[in-house]
Amino acid sequence: MTTMLRRVPQYLCQVQRLQQQVPLRLRSTAHADAQYAAEPTDKPVDWDNAKPYSAIPGPKSNPFVGGLMSFLPGGEFYKVKLEDMFDTLASYGPVAKMAGIMGRPDIVLLSDPKEIEIALRNEGTWPIRQGADSLQYYFENRRKGLPMSLVSSQGKEWQEFRTAVNQVMMQPRNIKQYVEPIDSVTQEIIDRMRRIRDENSLMPANFSDELAKWALESITLVALDAKLGCISDNPNPDGAKMVQCSHTVFDSMYKLDVLPSPWKFVSTPHFRKFTKAMDGITEISSKYVKAGMERLKNVPATELKDRSYSVLENLLIKTEDPDRAVAMALDMMLAGIDTTSTVVATVLYQLATNPEKQKTLQEELDRVIPDKRKPLTKEQLEELKYMRACIKETMRIMPIIIGNSRTSVKDLVLGGYQIPAGTMLNTPNYFLGRNEKYFPRAKEFLPERWLPGAPDLKCKNPFAYLPFGFGPRMCVGRRFADLEIETIVAKVFRNFNLEWNNPPAALKMQVVLVFADPLRFKVTDRA
Ligand code: HEM
């Protein structure tokens with residue numbers, strides 16, 4: 001049995017991956033049957049005039065093996081990169097279907113923003129997004145008693161948790177108090193970039209790991225009220241362990257949830273590594289959450305009202321449950337490290353390969369930040385409009401989350417077809433962001449399209465650009481991600497010129513889309 005499972009063909013993992021390009025990697029579970037539907041599933045008015053679900057066009061399927069044939073030699077997806085499969089699928093029409101394989105659900109691709117809007121505006125109060133089985137398994141079995149994390153939960157449980165977390169993570173006042181700490185962590189990576197460049201001013205081959213450590217250090221500040229020293233040459237023991245564990249978790253999730261693996265049937269070495277690393281992150285998180293509780297207990301009554309509270313303290317107050325704070329800390333670390341650090345890598349790359357845009361950005365930075373040694377302020381960050389446009393444009397042209405998913409919670413009519421509740425829908429960021437129909441001169445890096453004064457370049461439909469998702473289930477860490485990314489991009493280009501003197505860098509699909517080549521930027525000091 002084990003040997004047979006080990007031989008699951010490589011191409012199947014492509015499909016599995018398509019079903020889960022959500023950042024949070026929770027793969028298809030039993031929830032796909034819309035058991036969490038919050039809305040009555042009355043038929044839409046145009047249902048009877050719509051064509052049946054079976055008429056949705058797509059690659060050929062077979063009653064026995066579903067869509068498998070397309071992935072075999074001669075099939076249209078054979079050896080096609082995952083991110084490019086969207087183009088093929090979209091060529092069937094604005095609503096296209098890839099039949100499920102070996103019992104997995106079909107995927108309905110929505111490549112027209114108008115249909116995406118209808119789907120997302122009808123997702124109800126408990127939107128369903130599927131993800132990685134490895135995390136689901138960990139929470140359900142290994143960590144019995146620990147509440148399901150936000151990314152892993154569905155239905156009412158998700159809504160209650162999310163409501164409490166929204167009040168903490170989305171309030172501008174809460175974000176503002178992290179401007180100075182995030183600046184300080186970012187200054188460390190700036191100093192480190194000066195130390196780790198070689199005699200030709202090139203960044204080391206593992207520069208993306210350095211960015212991941214910066215993202216980890218930044219997010220533990222928020223999630224655990226702790227500075228773990230991850231960026232330093234001598235991190236404290238918790239910092240060193242956290243770096244190691246988070247690296248192992250991302251690496252093993254790719255191997256468990258993306259590549260073929262029999263871990264659900266037999267305990268594989270990668271599965272054991274994954275659980276050990278998750279245990280490590282949970283233990284360290286629990287320790288700092290406990291410390292946060294102690295701090296809160298010891299606040300003198302006279303200070304209670306006027307004191308400002310950190311995200312961790314606010315979560316403890318709102319949820320009245322330290323286990324929830326631990327679950328949320330895990331979410332922040334799982335969803336907020338590789339996403340943020342990879343977006344930063346893509347922004348640095350786009351600006352290094354578009355020197356005239358880098359120059360325009362630096363003119364803005366020099367004007368807004370006259371003294372680069374002083375910590376950045378919120379007011380300065382707000383003034384950096386061209387920089388924000390550069391970040392937005394990068395997330396359009398190089399979206400690291402190539403698509404998002406939803407399971408429809410009620411019957412819908414999309415593109416003239418009946419879509420029954422429980423259908424897995426996919427919204428393809430990568431396809432839409434690079435599409436001339438929605439973004440004029442789509443192949444060019446043009447931050448100006450996001451600023452007033454360039455009406456011809458504007459995005460034609462806001463539903464063609466959803467890097468953080470949409471609606472009540474959209475990224476809860478978005479504001480922190482913005483703060484972190486803006487801080488590091490401002491500081492890097494205020495301090496340095498970046499050059500890319502290599503062939504165009506290739507991308508590869510892991511848990512998110514990442515660079516396949518080492519990020520050997522040439523980094524020289526600016527005055
Ligand atoms: C640039 C970096 C990031 C990107 C591009 C990103 C993108 C996304 C996307 C597309 C979703 C799914 C939204 C949907 O289904 O509508 C999501 C969900 C989520 N993100 Fe992020 N994210 C980023 C950074 C972060 C950070 C820093 C954190 C934590 C502080 C975070 C925490 C989460 C959580 C917890 C969810 C699940 C929300 C839920 O299911 O209710 N993300 N993110």
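The figures here come from the full heavy-atom set of this structure, side chains too, leaving out hydrogens, waters and symmetry mates.
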Which atom of [X] lies closest to which atom of [Y], heavy atoms considered:
X: C230; Y: P235; result: CA-CB, 4.2 Å
X: C245; Y: I281; result: CB-CG1, 3.6 Å
X: I118; Y: V413; result: CG2-O, 4.4 Å
X: S153; Y: E157; result: CB-OE1, 3.8 Å
X: F271; Y: L256; result: N-CD2, 3.8 Å
X: F139; Y: P147; result: CD2-O, 3.7 Å

Kindly determine whether W214 and T186 satisfy side-chain hydrogen bond (donor to acceptor under 3.5 Å, both in side chains), including the steps that lead there.
CA-CA 7 Å; W214 160 82; T186 308; 3.2 Å; yes
Could you tell me whether Y386 atom OH has more than 12 heavy atoms of other residues or ligands within 6.0 Å of it?
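Counting neighbours around OH of Y386, more than 12 heavy atoms of other residues, nucleotides or ligands fall under 6.0 Å, so yes.
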Checking [X] side chain against [Y] main chain: does a donor-acceptor pair fall under 3.5 Å?
X: R434; Y: I397; value: yes
X: S152; Y: M148; value: no
X: R396; Y: G433; value: yes
X: S408; Y: P420; value: yes
X: N314; Y: Y309; value: yes
X: D331; Y: V151; value: yes
X: D257; Y: S134; value: yes
X: Q380; Y: T377; value: yes
X: R494; Y: I369; value: yes
X: N429; Y: I402; value: no

Is [X] salt-bridged to [Y], going by a charged N under 4.0 Å from an acidic O?
X: K213; Y: E217; answer: no
X: D251; Y: K273; answer: no
X: E123; Y: R473; answer: no
X: E294; Y: K290; answer: no
X: K385; Y: E364; answer: no
X: R142; Y: D279; answer: yes

Within the structure provided, determine whether [X] and [Y] are in side-chain contact (heavy-atom separation under 4.5 Å).
X: L432; Y: L466; answer: no
X: Y137; Y: K264; answer: no
X: Q350; Y: C390; answer: no
X: Q177; Y: S308; answer: yes
X: V514; Y: L507; answer: no
X: K491; Y: D183; answer: yes
X: L384; Y: V489; answer: no
X: I219; Y: T340; answer: no

Apply side-chain contact (heavy atoms from CB on, under 4.5 Å) to residues V289 and L312 and explain how you reach the verdict.
CA-CA 7 Å; V289 168; L312 173 60; 3.9 Å; yes
D482/R388 under salt bridge (Lys or Arg N to Asp or Glu O under 4.0 Å): CA gap, chis, key distance, verdict:
CA-CA 9 Å; D482 283 344; R388 270 200 299 283; over 6 Å; no
Let's go through H270 and W263 carefully: what are the C-alpha distance in whole Å and the side-chain angles of both, what is the deciding distance for side-chain contact (heavy atoms from CB on, under 4.5 Å) to 0.1 Å, and is it a yes or a no?
CA-CA 8 Å; H270 285 306; W263 68 269; over 6 Å; no
Summary of side-chain hydrogen bond (donor to acceptor under 3.5 Å, both in side chains) pairs that have at least one residue in residues 298-307, sequence neighbours excluded:
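Residue pairs with at least one partner in residues 298-307: R307-E313.
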Atom pair [atom1] ([X]) and [atom2] ([Y]), whose distance is rounded to the nearest 0.5 Å:
X: L412; Y: T423; atom1: CG; atom2: OG1; answer: 8.0 Å
X: K392; Y: L451; atom1: NZ; atom2: CG; answer: 9.0 Å
X: I401; Y: C475; atom1: CD1; atom2: SG; answer: 7.5 Å
X: D209; Y: F207; atom1: CG; atom2: CZ; answer: 10.5 Å
X: Q167; Y: N174; atom1: CD; atom2: CG; answer: 10.5 Å
X: M203; Y: I196; atom1: CE; atom2: CD1; answer: 5.0 Å

Check the pair L351, V347 against side-chain contact (heavy atoms from CB on, under 4.5 Å), reporting the backbone distance first and the verdict last.
CA-CA 6 Å; L351 286 159; V347 178; 3.7 Å; yes
Is a donor from one side chain sitting under 3.5 angstrom from an acceptor on the other, for Y288 and T220?
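T220 and Y288 do not have a side-chain donor-acceptor pair below 3.5 Å.
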Decide yes or no on side-chain contact (heavy atoms from CB on, under 4.5 Å) for E117 and F470, but give the supporting numbers first.
CA-CA 9 Å; E117 177 169 9; F470 179 82; over 6 Å; no
Distance under 6.0 Å and angle within 45° of ring axis: R449 vs F439
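No; the conditions do not both hold, so R449 does not lie above the ring face of F439.
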Begin from the C-alpha positions of R373 and Q187 and carry the test side-chain hydrogen bond (donor to acceptor under 3.5 Å, both in side chains) through to its verdict.
CA-CA 9 Å; R373 285 158 304 184; Q187 187 58 46; over 6 Å; no
Is the ring centre of Y430 less than 6.0 Å from the ring centre of F86?
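No; F86 has its ring centre 6.0 Å or more from that of Y430.
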Mind checking whether F480 and Y178 have parallel, tilted or perpendicular rings, split at 30° and 60°?
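It falls in the perpendicular class, over 60°.
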Kindly write out the residues that satisfy side-chain contact (heavy atoms from CB on, under 4.5 Å) with N461, not counting sequence neighbours, or none if the list is empty.
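N461 satisfies side-chain contact (heavy atoms from CB on, under 4.5 Å) with P113, K114, F463 once adjacent residues are dropped.
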Criterion salt bridge (Lys or Arg N to Asp or Glu O under 4.0 Å) on K378 and E382, from CA distance to verdict:
CA-CA 6 Å; K378 184 166 183 300; E382 272 165 8; 2.3 Å; yes
